[in-house]
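Heads up: the structure comes next, in structure tokens.
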Amino acid sequence: MKTKTSNAESMSEQWKLALQNNYGTPPIALTYGKGAYVWDENGKKYLDFLAGIATNILGHAHPTIIEAVSDQISTLGHVSNLYSHPQAVELAQKLQDLAGDPSARVFFCNSGAEANEAALKLSRLSGRKRIVSTEGSFHGRTIGSLSLTGQESKRAPFYPLLTDVSFAAYGDLAALRKKVSKKTAMVIVEAIQGENGVVVPPAGYIAGVREICDKSGALFVLDAVQTGMGRTGQWFGYEDEGVKPDIVTLAKGLGGGLPLGAMVTLGKRGPAFKPGEHGSTFGGNPVACAAANATIDFLVSKNQLAKVVNAGKDLQEKISHLPCVSTVRGKGLLLGVVLQHPKASEVAQRCAELGLLVNAPNKSVIRLAPPLIITAKHIDECVKKFAQALTEVGNA
Ligand SMILES: *Cc1c(COP(=O)(O)O)cnc(C)c1O
């Protein structure tokens, strides 16, 4: 196993002296990963049930990604968007196929914030300028995407943001209806609010948002950055409700661990970018697209989304019986474990000590977002460690 240890200062000490403090100092320095496991600088092994925040959907160092990325970087690493290349075309066609929509059109970028930024700019080309988002939402950290984000603590230091953005309570169609008018350019919602603690809207919400957008002529943007690419057992997260949004944004799992985002327009409502109206130097980079193509091929060939549904049910059921657990919400392999006491950060920390990586999006919720390739053995190991952490923290 490859671990590089510095005998002078720990990596945390070195981090502090060289990086911005916007993340605080991460307590663990990872140096190696394989499948659902990662190892830190001291050789300690962890079961990774966070997967780079819902990103490494095939786990670490997956052979199919290694092969695709190695082949691509040794053939053609980067070209910019002044040239077309086969990996981007193939990936855009795959996204059209997965959406079942030959009229879908893809813009590639490098992150979720950029995907939502693209949707925001595109919607304003309609001539309408008002935006409606939801309370508690997370859509990114750039000024544009932060303007769409319904979390005051993240917004406050950066006012003024875009005005003309209003927020409706999440999951509440009556509240949304009141905010949306014929002046609304777009309504943006997540299929599940991941960063807000894995908040699941009531059944029918997505279909209801569609109806409100149809009445007002606003574009319906579904932010599937966290929920997309099979995480919930569906490709994009609107499939259950029998309707389609006008735009889907993707990132996190899309590149199978490489930086890649996409804004996908579905159908023909709404404006389209004309040459020169938007761009990204790295967006749709051949190496990132090769990783995404390999990831999608793997998920499709293994019928992995059906396995995600079953693994998710198993995990949810087993966790829901553990001590101090109030409920487990979410879908597929994006789960929020709601604790009876606001001790989520202590529980997450104890899990790490026991060799299990999870995170606490807020004081009473633990988020589980493992790689989509986990097996029953990984689930049992997670449940065992999680149970121990809950018992110890609960009794402390
Ligand atoms: C993570 C996330 C984003 C932002 O993605 P970045 O790649 O960090 O810019 C946007 N929307 C949702 C729903 C997310 O979970």
Side-chain angles (χ1 to χ4, degrees), residues 51 54-59 62-73 75-79 81 83-112 114-115 118-119 191 221-239 244-268 272-273 280 282-309 332-333 371-373:
T55 291
N56 302 311
I57 56 182
L58 301 194
H62 195 282
T64 189
I65 293 193
I66 294 175
E67 191 190 333
V69 166
S70 307
D71 282 356
Q72 190 59 45
I73 194 71
T75 311
L76 185 67
H78 181 70
V79 296
N81 293 297
Y83 307 95
S84 96
H85 63 87
Q87 294 291 352
V89 174
E90 183 183 332
L91 180 56
Q93 289 170 343
K94 281 191 162 79
L95 293 173
Q96 286 179 327
D97 287 349
L98 295 177
D101 182 357
S103 71
R105 291 291 181 272
V106 181
F107 167 75
F108 287 120
C109 51
N110 314 284
S111 68
E114 288 169 85
V221 181
L222 187 75
D223 180 344
V225 167
Q226 185 156 162
T227 48
M229 300 318 292
R231 171 125 324 258
T232 64
Q234 299 179 339
W235 287 106
F236 305 112
Y238 57 77
E239 291 90 337
K244 281 188 179 185
D246 301 302
I247 295 176
V248 178
T249 55
L250 300 168
K252 294 203 165 83
L254 176 61
L258 272 83
L260 183 63
M263 180 204 65
V264 186
T265 58
L266 302 175
K268 289 189 174 136
F273 282 130
S280 162
F282 275 117
N285 165 275
V287 179
C289 288
N293 283 322
T295 302
I296 293 172
D297 286 346
F298 181 90
L299 295 175
V300 170
S301 70
K302 302 288 176 190
N303 194 19
Q304 198 68 28
L305 271 52
K307 294 178 195 164
V308 166
V309 172
L333 289 173
L372 305 186
I373 49 149

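For the single chain, residues carry numbers from 1 onward in sequence order.
Side-chain contact between V69 and I66: absent, with no pair of heavy atoms (C-beta onward) separated by less than 4.5 Å. Side-chain atoms of F108 and N285, non-hydrogen and from C-beta on, never get closer than 4.5 Å to each other. The shortest side-chain heavy-atom distance between C289 and L91 falls under the 4.5 Å cut-off. Using a 4.5 Å heavy-atom cutoff, the side chains of F298 and I373 are in contact. When side chains are defined from C-beta on, M263 counts as touching I247, because their heavy atoms get closer than 4.5 Å. Looking at heavy atoms from C-beta onward, V264 lies out of side-chain contact with T249 at the 4.5 angstrom threshold. Contact check for L266 versus Y238: side-chain heavy atoms found under the 4.5 Å cut-off.
At least one donor-acceptor pair under 3.5 Å links the side chain of N81 to the backbone N or O of S280. Judged by distance alone, the side chain of R231 and the main-chain N or O of L333 form a donor-acceptor pair under 3.5 Å. In this structure, D246 contributes its side chain and T265 its backbone to no donor-acceptor pair below 3.5 Å. Looking only at distances, a side-chain donor or acceptor of D223 sits under 3.5 Å from a matching main-chain atom of V225.
Here the straight-line distance linking atom CG of L305 with atom OG1 of T232 works out to 7.5 Å at 0.5 Å rounding. Rounded to the nearest 0.5 angstrom, S111 OG and L260 CG are separated by 10.0 Å. Within the model, atoms CG of L250 and CG of L222 stand 9.0 Å from one another, a figure rounded to the nearest 0.5 Å. The structure places NZ of K302 at 9.0 Å from OG1 of T64, a figure rounded to the nearest 0.5 Å. Considering CG of L95 and CZ of F236, their distance stands at 5.5 Å, rounded to 0.5 Å.
Annotation for F282: atom CZ does not count as buried by contact number, only 12 or fewer foreign heavy atoms lying within 6.0 Å.
Of the candidates I296, T295, L372, I296 is the only one forming a side-chain contact (heavy atoms from CB on, under 4.5 Å) with M229.
Residue pairs meeting the salt bridge (Lys or Arg N to Asp or Glu O under 4.0 Å) criterion with at least one partner in residues 85-104, sequence neighbours excluded, are E90-K94, K94-D297. Note on residues 247-259: no pairs pass salt bridge (Lys or Arg N to Asp or Glu O under 4.0 Å), not counting sequence neighbours.
Between the side chains of T75 and Q72, no donor N or O sits under 3.5 Å from an acceptor N or O.
In this view, Q96 and Q93, A104, R105 satisfy the side chain to side chain contact (heavy atoms under 4.5 Å, CB included) rule, not counting sequence neighbours.
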